[in-house]
There are 2 protein chains.
Amino acid sequence: MARPRQFDEEQVLRAVRDQFWDAGYAATSLEDLMRVSGLGKGSLYGAFGDKHQLFLRALRSYTDTSGGYLREMLTSTPRALDALRAFVMAPVSDPGGAAARRGCLMANSTCELATTDPDVLAEARRTYEATTALVAECVVRAQGEGDLPADADPIETARALLAAQQGLVFMGRTGLGIDQLTATAGTLADRFLPDA
Amino acid sequence: MARPRQFDEEQVLRAVRDQFWDAGYAATSLEDLMRVSGLGKGSLYGAFGDKHQLFLRALRSYTDTSGGYLREMLTSTPRALDALRAFVMAPVSDPGGAAARRGCLMANSTCELATTDPDVLAEARRTYEATTALVAECVVRAQGEGDLPADADPIETARALLAAQQGLVFMGRTGLGIDQLTATAGTLADRFLPDA
DNA sequence: GCAATTATTGACCGAGCGGTCCACCAAGCC
DNA sequence: GGCTTGGTGGACCGCTCGGTCAATAATTGC
């Protein structure tokens, strides 16, 4: 056999993901990636391929992880309406508002690359369709629990909730204070989720 | 006197703005800017300074222009509620959905640069505060016309409308079809603007 | 312990970047 | 018609980029 790897793939992907998250794709250089991962160029290329492939791996890892958290949260919250409210308020759930300022890696990547990078666009479509489906499922549950009107289209409602949430994420990136952001999140949630 | 300029500053700014709009800041090279403007490096630097300054000029020109259109639309529409609905639906007002896919230059720039570029962050804050104020003014008018509840906070309502609109802009960039996007825009508008 | 295999490291590469500089040119002034 | 002034175009610069490669190190099978 041969020499084993001296690094943990998951750990490296997390470090790389954070770097892309904070600086974006174009503004992140290979030197940055070497610094945050502690690896040399050869190791990075040997293990993940070039910068673009590495980015896609990190992005996929991010969407898989947050998709898992979302599914868990939506299904494990006893009352579906509470889960939906938590979904909308998620961008401001971080106490200091740091998460709000950082935004969402998938959203940032979509803005930066979706028009020019087909792989990123595909990942964006995949992610937002999956998210819409998860939320729609939760909407159906809320309807079954009598908390949402039964005649509303679940998919359409889910899309509107997702748009509202992503709008919040975006407002966070404009430097809007966490207090105003939280208030706006509440206003949005109240409009869609009566009596939560 | 000396040799006069052989180009129209506004025209160059428009061409440059479109380039940044389509490709983003980092992905636009000076060669791109020379190509779309038809100018040499010397002329660009002489007239606008370096790439960053030129970008800020183009961005400011964009925000001023669209801010002007918005003010015009909000104040000249007879019924304020219709104006607010038009505001929310603006991202899908383009027939083919091309505008929806392109997004908003200010929003794209915010996502790409706000965390690392103080000038862009400042411009983002300025723009969104100004927009909020304009929309809030329109909300007050709608309240006066009896179309919106008088007890709603205009600023807070304006922020929620803006968040909804920006969420729509973002969904457009994920490749969501113009039909679904239009439907979602309608759903959002209906929630905030009853009976429009 | 030697061979085979794979990870690691850092020197190295060509290309493209943003930015500078200078020779040239057009227009007004005397 | 020179002279001055400022616009123009392109050659040029140093740098950093993403990416390659060969020498070396670490591990297992025999």
Side-chain angles (χ1 to χ4, degrees), chain A residues 1-60 105 108-109 112-113 116-120, chain B residues 1-60 108-109 112-113 115-120:
Chain A
M1 282 288 287
R3 178 174 174 176
R5 289 207 173 136
Q6 291 180 336
F7 63 90
D8 175 34
E9 193 160 303
E10 287 301 316
Q11 191 175 329
V12 166
L13 274 181
R14 253 180 285 129
V16 162
R17 178 243 291 157
D18 285 344
Q19 173 61 35
F20 281 127
W21 202 341
D22 288 328
Y25 179 75
T28 292
S29 70
L30 275 186
E31 204 184 333
D32 294 327
L33 296 174
M34 291 165 61
R35 180 172 37 78
V36 300
S37 68
L39 269 59
K41 282 189 184 180
S43 298
L44 279 176
Y45 274 80
F48 302 102
D50 65 13
K51 183 188 176 186
H52 186 244
Q53 287 176 272
L54 175 53
F55 173 73
L56 291 176
R57 280 286 301 272
L59 186 58
R60 177 61 78 108
L105 174 60
N108 298 352
S109 305
E112 181 183 356
L113 302 168
T116 55
D117 186 332
D119 296 321
V120 172
Chain B
M1 281 290 286
R3 179 176 175 178
R5 287 204 175 140
Q6 291 180 337
F7 63 91
D8 175 33
E9 192 161 303
E10 286 303 314
Q11 193 175 327
V12 166
L13 273 182
R14 252 181 286 127
V16 161
R17 178 244 291 159
D18 284 343
Q19 173 61 34
F20 281 127
W21 201 342
D22 288 328
Y25 178 77
T28 293
S29 70
L30 276 186
E31 204 184 332
D32 294 327
L33 297 174
M34 291 165 61
R35 180 173 38 80
V36 301
S37 69
L39 269 58
K41 282 190 183 180
S43 300
L44 278 177
Y45 274 80
F48 303 102
D50 64 12
K51 183 187 176 186
H52 186 244
Q53 288 176 269
L54 174 54
F55 173 72
L56 291 176
R57 280 286 301 271
L59 185 59
R60 176 63 77 111
N108 298 351
S109 305
E112 182 182 355
L113 302 168
T115 47
T116 55
D117 187 332
D119 296 321
V120 172

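The chains referred to below are lettered A, B, ... by the order of the sequence lines, with proteins before strands, and numbering in each begins at 1. What you are looking at is a predicted structure, and each value in this text was computed from that prediction instead of being measured. Heavy atoms only: backbone and side chains are in, while hydrogens, waters and symmetry mates are out.
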- Item | Gap between atoms CD and P, on B:Q6 and C:dC25 respectively (whole Å) | 13 Å
- Check the distance between C:dC17's C1' and B:R35's CZ and give it to me in whole angstrom. 15 Å
- Item | Rounded distance (Å) that lies between atom C1' of C:dA15 and atom CG of A:L30 | 15 Å
- Message: I need the CG-P distance between B:L33 and C:dC17, as an integer number of Å.
- Response: 11 Å
- Task: Nearest-nucleotide wise, let me know which of A:K41 and B:G46 is further upstream toward the 5' end of DNA chain D.
- Result: B:G46
- Which part of the nucleic acid does A:F7 contact within heavy-atom distance under 4.0 Å: base, sugar-phosphate only, or nothing? sugar-phosphate
- Message: If you compare every side-chain N and O of A:S43 against the phosphate oxygens of C:dT8 (OP1, OP2), does one of them come in below 4.0 Å?
- Response: yes
- Taking for each residue the nucleotide of DNA chain C bearing the nearest heavy atom, is the 5' side occupied by A:L44 or by B:E31? A:L44
- Quick one: A:D50 CG to D:dC17 P, roughly how many Å, whole number? 16 Å
- Message: How close do B:V12 and B:S37 get, counting heavy atoms only, and between which atoms?
- Response: CG1-CB, 4.0 Å
- Task: Quick one: closest heavy-atom pair of B:F55 and B:V120, and the distance?
- Result: CE2-CG2, 3.8 Å
- Item | Gap between atoms NE2 and C1', on B:H52 and C:dC17 respectively (whole Å) | 17 Å
- B:K51 side chain N/O closer than 4.0 Å to the phosphate oxygens (OP1, OP2) of C:dG18? yes
- Message: For a 4.5 angstrom cut-off between non-hydrogen side-chain atoms, does B:L30 reach B:Y45?
- Response: yes
- Query: Relative to the 5' end of DNA chain C, which residue comes earlier, B:S29 or A:A47, by the nucleotide with the nearest heavy atom?
  - Reply: A:A47
- For the residue pair B:D22 and A:T116, what are the closest heavy atoms and their distance? O-CG2, 4.3 Å
- Message: Once you apply a heavy-atom cut-off of 4.0 Å, does B:G42 come out as touching a base, just sugar-phosphate, or nothing?
- Response: base
- Message: Please report the distance, rounded to the nearest Å, between OH in A:Y45 and P in D:dG18.
- Response: 7 Å
- Between A:M34 (CE) and C:dT8 (C1'), how many Å, whole number? 11 Å
- Parallel, tilted or perpendicular: rings of B:F7 and B:F48 (30°, 60°): tilted
